[in-house]
Amino acid sequence: MSDSREWVDLMLRGGLVVDGSGEPPRVADVAVARGRVQAVGDLSRYTAAEVVEAAGLAVAPGFIDMHTHSDLSLIVNPRAESAIRQGVTTQVIGMCGSSPAPAPEDRLGMIRSLWGGSGEAVEWTWETFAEYLDVLNNRGPSTNVVPVVGHGTLRAIAVGLENRAPKHYELAMMQDLLRDAMEEGAFGLSSGLVYNPSMYAETEELIALATVMAERGGIYFTHVRGEADTLLDALAEAIRVGREGGVPVEIAHLKCDGRRNWGRAEAALETIIGARDSGVDVTYDSYPYAAWNTGLAQLLPAWAREGGSEAIVLRLSDLETRTRIREFLTRSAEEEPGKWDRRLISSVESEANRPYQGKTLAEIADLRVRPAEEVIMDLLGEEKASVGMVGFGMHVDDVKTFVAYPLGMIGSDSGSSAPYGRLGLSHPHPRTYGSFSRVLGYYVRDGNVLPLETAVAKMSRLPAERLGLSDRGTLAPGKAADIVVFDPATVTDRATYQQPHLYPAGVRRVYVNGQLVVDGEHHTGGKAGRILAR
Ligand SMILES: [Zn+2]
C-alpha cells in the first residue's frame, strides 16, 4: 500500500528542470499537490492523477513581470492573455506613479483622466485601495498580482495636477494615504517623474514618503526623472531617496535613450553598483527591446503638459500657444534628425484615426500632407491627448547589457492585452506579448547573451526575492506551483511593431497556483491568480 504522501495531483515527468536557483538545468520530475510543488527529482515512486510527459521541454518557475500597467486591463480582461501566454504568472501593477486607487469620489474624475482611454473602459466602483483590490480579485485574474500604489495618484488626491510643492498638510495627507494603501496590501510606492503630476515632486517629497514605507518594508519603484541626457543624475536622485528614506529602490525600465547617450549602459550600472556598495539596496528591471513606448503628449514641453489632458487640449486650440509648441517640436527634431521616422503611433481612441496605428509620424505627415509638428498637435487634440507612441531610442548593445547583468530583472512595462475584444483594438508595443519569450529565444538561445539558467533566475527567483514572495520564484518543495513548460529549442516572441497581437511560440503549458491556465494553444479560462500579500 502506498504512503499517502506519494499521491500527487500532477506529475511533470522527465523535463529539463530550470529551477530558478541559477544552477544548470537537470532532467527531473516535478510533482504538484494542492497547488504547491511537492517534490523535484526522480519521482518514479509517486502516483499522479495526471502525468505530463515533459521530455525535451524546459520546466521552470512561472515568470514574474516586475513592471506592468495591467491595473485596469486585468479588469477589462482578467485572462491576461499576452502575459500568461509567455509564462508570466505574476504581474506587478501600479507602476510609473500611476495606480487606479485610491480614488476618493471628489477626485475620481481627475484620477480617471490620468488613465486616458483605458480609464473609460472600466467602471470605477472603488474608492480605497482595498476596494480596488476586491474588484480586481472578484474578476478572477489568471495571473497573480503584486499591487503597488502610485505617487502620482496620491499627489493628484492631495495636491491636484498643479506644478507646485505640497503644503505641509498636503504632504501629511499623502503620507497617510500611503500608510493606508500599504496596510491594505500595497508592496510599496511608485513614482513617474516625467509624468504629471508625479513630476512636480521635489526629491524631499519623495524622501518624506519613503520614510513612511521604511517602517513597513515597502519598496520604492521609480521611473526616474530622465532616461536620456540626464540619466545618471536621475539615478542619483533615486539612490538618494533610497538612502535618506531608508528603502530599497527598483529602477524601472532602465535604458539609455537618445543617440548621444548610447554606450552609457556601463556607466549607469556603475552608478547602481556604487550605490549598492555604499549600502543602498538598488536593483532594476528592463525590457528586451530597443524602443520605448509612452504617450504622444510626452513630446510636448513640460509647461504645455501642465494640468493634464484637458488643459493640453485647451492649449492646443490656442493659436499663439500652438506656435510656441510648434517651435519647440521643430527644434527638437533639428536636434535629432530623422526623429519623426523613429516615432510610431501605437494607439488611438477614435475609429477615425485607427489606420494611423503602427505608422510613423513621418508617414502620417505624408498622408495628411501636413508637417509632422502640426500632425502631433492635431492628433493630440482629436484624441483628447490620449495617444500612445513608440520611439526607437535605444541601442541594442545597451539593451543587451541591461538584460544580461545579474542585478536586472525583466519588466514588460505593458498592460496585459488580448488579440480580441476591447484590448484587441489597441496597437501595443510588441513587448506586451513578447518580452519574456524574447529573452529566452533571441537573447539566450540565438544570441548567447546569457545562459538559460541565469535568464530564468532573473525572471523568477530574483524578482520573488526582491518582492519578498518567499513561497514563489523557484521550483522547490513547498513553493506555490507557478510553473511554465516551454521548448527551449523553439521558444520565441512573434509580436512585431507592425503586428503586435501575436502570442509567442514554444510555450506549452502554464500553471498558476497549480491550476492549468495555458494548455498548448489554448487558454483554459482558469481564474487561478491571487492578489499576493507581503
Ligand atoms: Zn515608466
Side-chain angles (χ1 to χ4, degrees), residues 65-73 83 91-100 114-116 118-119 146-156 187-201 206 219-228 230-231 233-235 237-238 241 249-258 261 268 272 282-300 302 305 308 343 346-347 385-394 398-399 402-403 408-417 426 428-432 435 463:
D65 189 335
M66 270 303 273
H67 187 104
T68 83
H69 295 286
S70 300
D71 310 61
L72 297 180
S73 62
Q91 305 189 64
V92 179
I93 62 171
M95 296 288 97
C96 299
S98 206
S99 59
L114 293 173
W115 285 85
S118 45
V146 167
V148 172
V149 68
H151 165 258
T153 307
L154 303 186
R155 202 175 209 275
F187 278 61
L189 178 78
S190 76
S191 67
L193 300 177
V194 301
Y195 300 118
N196 180 357
S198 195
M199 65 192 283
Y200 302 132
L206 301 166
I219 303 168
Y220 175 60
F221 300 79
T222 178
H223 176 153
V224 296
R225 214 176 282 275
E227 298 180 310
T230 58
L231 173 65
D233 292 339
L235 292 178
E237 180 186 32
V241 173
V249 178
E250 172 72 12
I251 308 282
H253 43 61
L254 183 59
K255 64 173 75 74
C256 302
D257 180 28
N261 304 306
I272 290 172
V282 195
T283 51
Y284 71 90
D285 52 79
S286 64
Y287 46 80
Y289 292 85
W292 41 254
N293 193 159
T294 190
L296 181 65
Q298 292 300 117
L299 287 177
L300 304 185
R305 287 185 277 130
R343 299 290 183 279
S346 56
S347 63
S386 184
V387 184
M389 166 181 61
V390 163
F392 296 84
M394 289 85 90
D398 289 330
V399 178
F402 290 140
V403 168
M409 292 161 264
I410 301 299
S412 71
D413 196 13
S414 305
S416 53
S417 193
S426 73
H429 188 298
R431 67 193 182 194
T432 309
S435 290

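Just so you know, ligand 1 is whichever comes first in the structure, and atom 1 is the first atom listed for that ligand. Counting from 1, the numbers follow the sequence of the chain as shown. Here the structure is a predicted model, which is why all the values come from computation and not from measurement.
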| request: List for me each residue that meets side chain to side chain donor-acceptor pair (under 3.5 Å) alongside Ser412, sequence neighbours excluded, and say none if there are none. | output: Asp65
| message | For Ser198, give me all partners under side chain to side chain donor-acceptor pair (under 3.5 Å), at least two apart in sequence or on another chain. | response | His151
| Total protein N/O/S atoms whose distance from the Zn ion (ligand 1) is less than 2.8 Å | 3
| query | Are Thr294 and Tyr195 linked by a side-chain donor-acceptor pair shorter than 3.5 Å? | reply | yes
| For His429, does its backbone N or O pair with a side-chain atom of Thr432 as donor and acceptor, under 3.5 Å? | yes
| Spatial distance of atom CD (Glu227) from atom NZ (Lys255) [nearest 0.5 Å] | 3.5 Å
| note | Hits for ring pair (Phe, Tyr, Trp, His ring centres under 6.0 Å) against His253, two or more places apart or cross-chain, chain-then-number order -> His67, His223
